[in-house]
Amino acid sequence: MENTSQKQTLGFQAEVKQLLDLMIHSLYSNKEIFLRELVSNAADAADKLRFEALANNALYESDPELKIRIAIDKAARTITVSDNGIGMSREEVIRNIGTIARSGTREFVASLTGDQAKDARLIGQFGVGFYSSFIVADRVTLVTRRAGLGASEAVRWECDMAKEAGAYSIEPAGKAARGTEVTLHLREGEDELLDEHRLRHIIHKYSDHIALPIVMGEETVNQASALWVRPKAEITEEQYAEFYKHVAHDFEAPLAWTHNRVEGRQEYIQLLYVPAHAPFDLWDRGHRHGLKLYVRRVFIMDDAQQLLPPYLRFVRGVVDSNDLPLNVSREILQQSRDVDAIRAGCTRRVLELLEDLARNQKEKYARFWDEFGRVLKEGVAEDASNRERIARLLRFSSTHDDAETQAVSLADYVGRMKEGQDRIYYVTAETFAAAKNSPHLEIFRKKGIEVLLLCDRLDEWLVSSLTEFEGKRLASVARGELDLSKVKGGDEKEPDWPVGEYAELLRALKGALGERVKDVRVSRRLTESPSCLIADEHEMGANLARILKAVGQKVPPTKPILEINPQHAIVKRLAPGDERFADWASLLFEQALLAEGGQLEDPARFVRRSNELMLSLAGG
Ligand code: ADP
Ligand code: MG
């Protein structure tokens with residue numbers, strides 16, 4: 001049995017120690033943020049108390065006025081931040097404060113580079129929170145009592161880096177007042193922080209938006225009203241940014257935001273932010289997302305996922321409803337038509353915000369696309385009602401400039417379409433290089449027809465839900481029969497071979513390749529390479545089949561069509577009666593497979609055969 005009535009010393013996990021060290025070093029130039037983080041936690045604790053008290057008013061005890069106090073003790077060289085919020089039980093202290101080793105910590109630590117500026121940003125993405133105290137303090141003491149528990153059930157947590165880095169102690173404590181008190185014993189040389197003016201300045205800078213009074217001496221230092229309720233004109237950019245850091249638990253300022261008071265059937269205020277960087281766990285299942293939900297200023301829940309569709313899960317912020325009941329639960333949110341209306345409203349505002357960036361702040365939009373484009377793409381499949389709008393926001397690489405940076409919109413593409421061109425052409429491949437150098441593009445390049453280069457895995461799903469844009473069908477360059485005869489411009493004529501002339505060769509190749517191909521035909525797309533593989537019009541493309549296989553899905557067997565280029569020297573020398581004809585046929589097939597990023601069934605045999613053919617040509 002665990003004895004909880006005595007002092008216990010517990011160790012941090014190894015990664016936590018490492019992370020603390022890194023945090024202290026890389027964030028030192030920003031050390032003031034410790035106060036912002038402690039105040040942010042105190043404000044969250046007050047929100048939680050107010051919410052729990054809705055169901056149990058006794059939790060207020062005899063102390064209903066929620067506030068945060070900051071006190072300096074010059075003689076002891078300490079700063080103390082205290083709140084009368086929800087407080088923590090012993091288990092909660094161990095769970096929340098005892099360790100930062102959330103899922104992904106090890107991977108995260110491994111991703112740090114040693115470059116201070118870069119690592120500071122990464123650590124910021126991970127969330128610095130309570131541990132930022134250690135930037136300025138070497139000993140931190142936290143005494144807390146959860147609302148509703150008796151004074152003797154309070155706990156005292158302490159971590160003394162100077163004495164024993166990597167461990168903390170926990171023991172019972174007496175605390176009459178509900179809530180949490182954090183005392184920082186400042187490191188040597190940090191005495192400037194013991195100056196009251198300095199602390200007031202820091203509070204103004206970072207925590208003015210906090211809705212609770214922050215009191216120093218007898219005076220309230222901040223505005224103490226919910227930021228989102230204030231008129232837009234009275235809120236500065238800095239205040240918007242600092243409020244974002246509080247709600248998003250982010251270290252960096254946001255990229256953009258939209259703040260609106262919505263009236264009508266549902267009345268609510270929305271303050272929605274697009275972060276500057278994707279959190280490190282955006283693609284994890286456990287990734288926390290969603291908005292903070294308030295009802296008439298009372299905090300209801302974090303991560304209210306129902307308020308935005310999954311493809312906007314990177315958005316952070318607050319919705320404050322005038323109409324939802326205070327006892328609204330996650331279950332109710334899932335079924336409520338009122339919530340559907342709020343979600344539709346938030347979705348519309350975020351899309352408008354992105355449209356505005358795309359139109360008026362292209363550089364910002366490029367940054368957004370870089371960070372979150374892959375998430376937004378999911379919306380094309382998920383949100384049929386906004387498909388066209390989302391499609392306009394997509395950005396791709398294309399043969400227009402062959403740049404890997406995705407900057408071409410479908411509207412750009414359509415604007416550059418050739419006379420007579422009625423399709424939007426794309427190629428999908430596993431990597432950008434494979435897409436760019438795909439033999440399927442040869443005739444398109446010759447004729448100057450632009451092709452989108454798709455190499456995100458998600459693109460396969462994207463093109464399966466986005467079949468057209470502005471009435472133009474999207475078409476893969478590696479699928480079906482190709483007919484560019486109506487497209488004007490470019491001197492190059494599409495090769496058009498008299499098929500009869502090659503009938504015997506095609507038959508012989510098909511015979512030699514047997515089950516490996518569905519058909520062999522003369523290509524209208526190749527001008528340089530000897531061969532390529534094509535999917536039949538209604539069959540699954542090879543790239544998608546490879547992706548599905550890689551994630552362990554069953555894929556219906558499909559056979560490609562081999563296309564050959566009769567103009568190519570190798571093809572020209574093929575003679576069906578030749579003793580090495582079958583080897584040449586295999587080589588054409590395998591090269592085509594390799595060129596599109598496919599895998600050979602028997603690579604060693606391919607190598608042997610290639611060597612034999614080379615030797616035979618060399619007269620060996
Ligand atoms: P975050 O705020 O992003 O969750 P922190 O490191 O700042 O991360 O805090 C970790 C957790 O510790 C909080 O989520 C909360 O559960 C708990 N906590 C911190 N400070 C307080 C406080 N003053 N009152 C109650 N709980 C707190
Ligand atoms: Mg925090």
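Everything quoted here is computed from the prediction, not taken from an experiment.
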**OP:** Report yes if the side chains of Ile332 and Val339 come closer than 4.5 Å at any heavy-atom pair, otherwise no.
**Re:** no
Original post:
Quick one: NE2 on His201 to CD on Glu32, what's the gap to the nearest 0.5 Å?
Top reply: 6.5 Å
Subject >> Heavy-atom closest pair, residues Gly150 and Arg145 >> reply: O-CD, 3.3 Å
Original post:
Got Gln270 and Leu291 here, is their nearest side-chain heavy-atom distance under 4.5 Å?
Top reply: no
Subject >> Interatomic spacing from CG in Leu193 to OG1 in Thr78 - rounded to 0.5 Å >> reply: 12.0 Å
Original post:
Donor-acceptor pair, Arg178 side chain versus Gly148 backbone, under 3.5 Å?
Top reply: no
**OP:** Hey, could you give me the CH2/CZ distance between Trp228 and Arg297, rounded to the nearest 0.5 Å?
**Re:** 7.5 Å
Original post:
Salt-bridged, Asp250 to Arg316, with N to O below 4.0 Å?
Top reply: no
Original post:
Mind checking whether Tyr273 and Tyr244 have parallel, tilted or perpendicular rings, split at 30° and 60°?
Top reply: tilted
**OP:** Measure from the side-chain N and O atoms of Arg77 to the backbone N and O of Leu186, and report whether any donor-acceptor pair falls under 3.5 Å.
**Re:** yes
Original post:
Is there side-chain contact between Lys377 and Asp456, with heavy atoms separated by less than 4.5 Å?
Top reply: yes
**OP:** Mind checking the CD1-NZ spacing from Ile300 to Lys48? Nearest 0.5 Å is all I need.
**Re:** 14.0 Å
Original post:
Can Lys163 and Glu158 be counted as an ion pair, charged N to O under 4.0 angstrom?
Top reply: no
Subject >> Close side-chain approach of Leu142 to Thr180, heavy-atom, < 4.5 Å >> reply: yes
Subject >> Residues Arg367 and Asp370 bridged, charged N to O under 4.0 Å >> reply: no
Subject >> side chain to side chain contact (heavy atoms under 4.5 Å, CB included) assessment of Phe372 paired with Leu282 >> reply: CA-CA 9 Å; Phe372 301 111; Leu282 183 64; 3.9 Å; yes
Subject >> Sub-4.5 Å side-chain heavy-atom contact between Arg389 and Arg348 >> reply: yes
Original post:
Can you name the one residue among Gln8, Glu171, Glu153 that meets side chain to side chain donor-acceptor pair (under 3.5 Å) with Arg90?
Top reply: Gln8
Original post:
When rounded to the nearest 0.5 angstrom, what is the spacing between CD1 in Ile202 and CD1 in Ile79?
Top reply: 7.5 Å
**OP:** Assign the ring pair Phe130 / Phe134 to parallel, tilted or perpendicular, where the plane angle (0 to 90°) is split at 30° and 60°.
**Re:** perpendicular
Subject >> Over 12 foreign heavy atoms within 6.0 Å of CD, Glu192 >> reply: yes
**OP:** Check Val155 against Ala173 and note the closest heavy-atom contact, atom names and distance.
**Re:** C-CB, 3.9 Å
**OP:** Applying salt bridge (Lys or Arg N to Asp or Glu O under 4.0 Å), run through Asp340 and Arg337 and close with a yes or a no.
**Re:** CA-CA 5 Å; Asp340 291 344; Arg337 307 243 330 259; 5.5 Å; no
**OP:** Provide the closest heavy-atom pair for Ala241 versus Ala253 in the form atom of the first, atom of the second, distance.
**Re:** CB-CB, 4.2 Å
**OP:** With side chain to side chain contact (heavy atoms under 4.5 Å, CB included) as the test, would you mind laying out the steps for Ile24 and Arg187 before giving the verdict?
**Re:** CA-CA 12 Å; Ile24 292 162; Arg187 287 176 189 276; 3.4 Å; yes
Original post:
Would you say Asp383's side chain and Gly379's backbone share a donor-acceptor pair under 3.5 angstrom?
Top reply: no
**OP:** Working to the nearest 0.5 Å, report the span between CD of Glu382 and CD1 of Ile390.
**Re:** 8.0 Å
Original post:
Judged by atom type as modelled, is there a donor-acceptor pair below 3.5 Å linking the side chain of Arg296 to the main-chain atoms of Asn322?
Top reply: yes
**OP:** Taking all heavy atoms of Gly85 and all of Leu49, pick out the closest pair and write down the distance.
**Re:** C-CB, 4.0 Å
Subject >> Asp320 side-chain N/O to Ile269 backbone N/O, donor-acceptor pair under 3.5 Å >> reply: no
Subject >> Electrostatic pair Asp338-Arg265, nearest N-O below 4.0 angstrom >> reply: yes
Original post:
So do the side chains of Glu181 and Thr144 get within less than 4.5 Å of each other, counting heavy atoms only?
Top reply: no
Enumerate, atom names and distances included, each donor-acceptor pair closer than 3.5 Å involving a side-chain atom of residues 33-47, sequence neighbours excluded.
unit_1: Ser40; atom_1: OG; unit_2: His246; atom_2: ND1; d: 2.6
unit_1: Asp44; atom_1: OD1; unit_2: Lys292; atom_2: NZ; d: 3.4
unit_1: Asp47; atom_1: OD2; unit_2: Tyr294; atom_2: OH; d: 2.6

Original post:
With a 3.5 Å cut-off and no angle check, do the side chains of Thr80 and Thr183 form a donor-acceptor pair?
Top reply: yes
Original post:
Do Gln223 and Glu234 come close enough that some side-chain heavy atom pair is under 4.5 Å?
Top reply: no
**OP:** Kindly give the heavy-atom pair with the smallest separation between Ile97 and Trp157, and that separation in Å.
**Re:** CG2-CE2, 3.4 Å
Original post:
Are the side chains of Leu353 and Leu272 in touch, meaning some heavy atoms are under 4.5 Å apart?
Top reply: no
**OP:** Would you confirm whether Asn84, through its side chain, and Gly179, through its main-chain N or O, come within 3.5 Å as a donor-acceptor pair?
**Re:** no
Report, one line per pair, each donor and acceptor closer than 3.5 Å where one atom sits in a side chain of residues 213-222; sequence neighbours left out.
unit_1: Glu219; atom_1: OE1; unit_2: Arg200; atom_2: NH2; d: 3.0
unit_1: Asn222; atom_1: OD1; unit_2: Ile214; atom_2: N; d: 2.9
unit_1: Asn222; atom_1: ND2; unit_2: Ile210; atom_2: O; d: 3.0
unit_1: Asn222; atom_1: ND2; unit_2: Leu212; atom_2: O; d: 2.8

**OP:** Mark yes or no for whether Arg313, through its side chain, and Leu308, through its backbone, hold a donor-acceptor pair below 3.5 Å.
**Re:** no
Subject >> Shortest non-hydrogen contact between Glu242 and His209, atoms and distance >> reply: O-NE2, 3.3 Å
Original post:
Hey, is the main chain of Gln306 close enough, under 3.5 Å, to the side chain of Arg343 for a donor-acceptor pair?
Top reply: yes
Original post:
Given Cys346 and Val319, is the side chain to side chain contact (heavy atoms under 4.5 Å, CB included) satisfied, shown in steps?
Top reply: CA-CA 9 Å; Cys346 290; Val319 164; 3.8 Å; yes
**OP:** Before giving the answer on side chain to side chain contact (heavy atoms under 4.5 Å, CB included), spell out for Tyr311 and Leu376 the whole-Å C-alpha distance, their side-chain angles and the decisive distance to 0.1 Å.
**Re:** CA-CA 5 Å; Tyr311 70 93; Leu376 189 70; 4.0 Å; yes
**OP:** Check the angle between the aromatic planes of Tyr240 and His259 and answer parallel, tilted or perpendicular using the 30° and 60° thresholds.
**Re:** perpendicular
